[in-house]
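Notes follow once the structure below has been shown.
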Amino acid sequence: MPELPEVETIVRGLQKSGLVGKAICDVQVRWPRTVSHMAADPFAQRLRGRTITRFSRRAKYIIAHLDNGSCLLIHLRMTGQFHIEKEGTAADTHDQVVLAFEGGRQLHFHDTRKFGRFELVTAQAAELPHLGPEPLAKAFTPAALQACLQKHRRIIKPVLLDQSVVAGIGNIYADESLWAAGIHPKRRADSLTPAEILRLHHAIRQVLTRAIRRGGTSLGNGATNFYSVTGRRGRNRDALKVFRRDGEPCPRCGGTIQRLVVAQRGTHICPHCQPLQP
DNA sequence: AAGAATGTTACATG
DNA sequence: ACATGTAACATTCT
């Protein structure tokens, strides 16, 4: 489900939820493997009594900053969602973790596929230094992108998806950015010209910024789709130009959008706008 | 009703 | 050391 814009949308929702500053009075872990590197019991014990001072985002991680200086790192993986419920609300089948806050409200972590992860870490570890730069940070200049890409002889799409190269891009926004920049996903990362790098840099930032502005991308109608903390769907699907639009006309040239598989991921391109041979 | 799915990681193979 | 491929996680959606 969630890439950078969806995680950002959720973090903003959590930050505005009214839970910041309230103490966590109860922790229920219903699927113990949701908690990384620790058993559920000590995890619950260490979290109980803590207060979340703020929520932030790094890459596709949600960071809940705690009043004792440590951080709760949360990754939604494919189907993780957060819902805020009133006191006494029973956990849904797919609610894997429930945090009860003073004042009575509860934060339910709903995760159908159970891939999502919670981990207690130090503030330093929460900076996730092994991940690449934030694509929306000021420091992420075209030169920075060029430096990222030059190191890799791989094809461009899996490089964009590699979180240690650039942080936060997933399958939707990789396809959308490559289309916007007119670059074929199978081009070698180190073969892009300076003009192409400039276009790709602009495309990544524009595509991600627009998606955040539109509250993320919700694709189908299923319950495993992306929903914000307030239960709203993202409005970015209408802004997608190629992702899951195979067979439809390219909005730029009218050619037919194609689906192919690149690096084991479904990939969508306009063959005319994104030629393999430049 | 089979195949794919917005993600990550460990392990195997070239 | 590097690149690429496969499986695993677990369930639902198309």
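Throughout, a chain's letter reflects where its sequence line sits, starting with A, and its residues are numbered from 1.
A distance of about 25 Å separates the P atoms of B:dA1 and C:dA10, rounded to the whole Å. Only the C1' atoms considered, C:dA1 is 22 Å distant from B:dT8, to the nearest whole Å.
Of the candidate nucleotides C:dC2, B:dG7, C:dC9, C:dC2 has the atom lying nearest to any side-chain atom of A:Arg153. Out of C:dT11, B:dG7, C:dA10, the shortest distance to the side chain of A:Thr112 is found at C:dT11. The side chain of A:Asn171 lies closest to B:dG7 when the candidates are C:dT12, C:dC13, B:dG7. Each of B:dA5, B:dG7, C:dC13 was ranked by its minimum atom distance to the side chain of A:Pro2; first place goes to B:dG7. Out of B:dT9, B:dA5, C:dT12, the shortest distance to the side chain of A:Tyr61 is found at B:dT9.
As a whole-Å value, the separation of A:Glu119 CD from B:dG7 C1' is 16 Å. Rounded to whole Å, atom P of B:dG7 lies 21 Å from atom NZ of A:Lys114. We find that CG of A:Asp111 is positioned 12 Å from C1' of C:dT12, with the value rounded to whole Å. Summarising the geometry, the separation between CD1 on A:Ile74 and P on B:dT8 is reported as 15 Å, rounded to the nearest angstrom. Straight-line distance from the NE2 atom of A:His268 to the C1' atom of B:dA5: 11 Å, rounded to whole Å. In this structure, the CG atom of A:Asp162 is 14 Å from the P atom of B:dA10, given to the nearest Å. One can place CG of A:Leu161 at 14 Å from C1' of C:dT4, the figure rounded to the nearest angstrom. When rounded to the nearest whole Å, the span between OH of A:Tyr227 and C1' of C:dC13 equals 12 Å.
Within 4.0 Å of A:Gly266, counting heavy atoms only, lie sugar-phosphate atoms of the nucleic acid but no base atom. The residue A:Arg259 sits close only to the backbone: its heavy atoms come under 4.0 Å of sugar-phosphate atoms, none of a base. Residue A:Gln264 is in base contact, counting any heavy-atom pair closer than 4.0 Å across all strands shown. A:Arg113 comes within 4.0 angstrom of a base, heavy atoms only. Counting any heavy atom pair closer than 4.0 Å across all strands shown, A:Ala263 reaches no nucleic acid atom. Heavy atoms of A:Tyr173 sit nowhere under 4.0 angstrom from any nucleic acid atom.
Summarising the base pairing, C:dT6 is matched to B:dA10 through a Watson-Crick or G-U wobble pair whose two defining distances lie under 3.5 Å.
In this structure, A:His94 reaches the C:dT12 phosphate: one of its side-chain N or O atoms is under 4.0 Å from OP1 or OP2. Residue A:Arg265 has a polar side-chain atom (N or O) positioned under 4.0 Å from OP1 or OP2 of B:dG7. Contact check, A:Gln163 against B:dG7: no side-chain N or O comes under 4.0 Å of OP1 or OP2.
Between A:His110 and A:His83, the gap from one ring centroid to the other is short of 6.0 Å. Ring centroids of A:His75 and A:Phe118 are separated by 6.0 Å or more, keeping the two rings apart.
Side-chain atoms of A:Gln81 come within 3.5 Å of backbone atoms of A:Asn225 as a donor-acceptor pair (strictly under, hydrogens ignored). No donor-acceptor pair closer than 3.5 Å links the side chain of A:Ser36 to the backbone N or O of A:Glu119.
Residues A:Ile269 and A:Val207 fall into different hydrophobic clusters, defined by Ile, Leu, Val, Met, Phe, Trp and Tyr side chains chained together at heavy-atom separations under 4.5 Å.
Look at A:Phe115 and the base of C:dA10; the rings do not stack under the cut-offs of 5.5 Å between centres and 30° between planes.
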Candidate pair A:Asp67 and A:Arg50, rule salt bridge (charged side-chain N to carboxylate O under 4.0 Å, His left out), full reasoning: CA-CA 6 Å; A:Asp67 58 352; A:Arg50 298 271 64 79; 2.6 Å; yes
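At least one test fails for A:Arg245 against the ring of A:Trp179: distance under 6.0 Å to the centre or angle within 45° of the axis.
Residue whose closest nucleotide on DNA chain C sits further toward the 5' end, between A:Lys151 and A:Gly220: A:Lys151. Of the residues near DNA chain C, A:Arg117 and A:Asn221, the one whose nearest nucleotide (by heavy atom distance) lies more toward the 5' end is A:Arg117.
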